Amino acid sequence: GNSVTQMEGPVTLSEEAFLTINCTYTATGYPSLFWYVQYPGEGLQLLLKATKADDKGSNKGFEATYRKETTSFHLEKGSVQVSDSAVYFCALRKLNTGTASKLTFGTGTRLQVTL
Amino acid sequence: KAGVTQTPRYLIKTRGQQVTLSCSPISGHRSVSWYQQTPGQGLQFLFEYFSETQRNKGNFPGRFSGRQFSNSRSEMNVSTLELGDSALYLCASSMAGEETQYFGPGTRLLVL
């Protein structure tokens, strides 16, 4: 079945540091890939997505590129802020003809940004 | 456009009781999914509804059930609550044929 593997956290960075959170996946065919962010006490917010190979999703300074050859979707940001402190989830979803499929999530990576 | 709304936001129940959680999807979204989030198990899929029909179901016991109404609003019910049912229950909606799901703020259930 489908699966997503994320790097273990927590990741602790100083403000303005470069961020990379690794994500690799296992799936048949060509799923859509997502990054969701969860702030304390809240639900999941869609951060960015990519629907096909070599697509780059971007939002709020975050980027991730759909790499079919390495089955990866690593999240990057050039300069993190304290307000980026949250838990980040990598996920995939592939709709099957006639039925809908669930989102498959990684375990989440907690990011803590300090001044 | 209003986002996904969930009510109530917080609930405290005791073992053996039952609970009903409600979810209103984004206007125009006909697919609603439910997920359970716990520190130990992470995010786990419960079920998905589309046009009042359950289309997909996760690996949860029969105590967990749901339904969807003609206006796409959905409810999930948990009967005979156990301590392990304490979790954040998240609802997500999507448009028909779209893979992107949008999440509500969740209902935090505490079972004592």
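Labels below follow one simple rule: chain letters A, B, ... track the order of the sequence lines, proteins then strands, and each chain is numbered from 1. This one's a predicted model, so the numbers in the text were calculated from it and none came from an experiment.
More than 12 non-hydrogen atoms from other residues, nucleotides or ligands lie less than 6.0 angstrom from NZ of A/Lys68. Counted within 6.0 Å of CZ on A/Arg110, heavy atoms from surrounding residues, nucleotides or ligands total 12 or fewer; the atom is thus considered open. Crowding of A/Tyr39 atom OH: a count of heavy atoms from other residues, nucleotides or ligands under 6.0 Å exceeding 12. Summarising the local packing, NZ of A/Lys52 is surrounded by 12 or fewer heavy atoms from other residues, nucleotides or ligands at distances under 6.0 Å. In the displayed structure, A/Met7 atom CE is contacted under 6.0 Å by more than 12 heavy atoms of other residues, nucleotides or ligands.
The contact between B/Thr100 and chain A is made by backbone and side chain atoms together, counting heavy-atom distances below 4.5 Å. At a 4.5 Å heavy-atom cutoff, the contact between B/Gln37 and chain A is made by side-chain atoms alone. Neither the backbone nor the side chain of B/Phe47 comes within less than 4.5 Å of any heavy atom in chain A. In this structure, no portion of A/Gln45 lies under 4.5 Å from any heavy atom of chain B. Both the backbone and the side chain of A/Leu103 come within contact range of chain B, with heavy atoms under 4.5 Å apart.
Applying the disulfide (SG to SG under 2.5 Å) definition to pairs two or more places apart or across chains, those involving residues 14-112 of chain B are B/Cys23-B/Cys91.
Among the candidates B/Tyr35, B/Phe103, B/Tyr102, the single residue satisfying the ring pair (Phe, Tyr, Trp, His ring centres under 6.0 Å) test with A/Tyr36 is B/Phe103.
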Between side-chain atoms of residues 7-14 of chain B and protein atoms elsewhere (two or more places apart, or another chain), which donor-acceptor pairs fall under 3.5 Å?
residue	atom	partner	partner atom	Å
B/Arg9	NE	B/Gly106	O	3.2
B/Thr14	OG1	B/Gln17	OE1	3.2

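Nearest heavy atom pair, residue B/Leu88 against residue A/Gln38, reads CD2-NE2, 3.7 Å. Looking at every heavy atom in both residues, A/Lys94 comes nearest to B/Glu99 through CA-OE2, 3.3 Å.
Rounding to the nearest 0.5 angstrom, the gap separating the CD atom in B/Gln101 from the OG atom in A/Ser32 is 11.0 Å.
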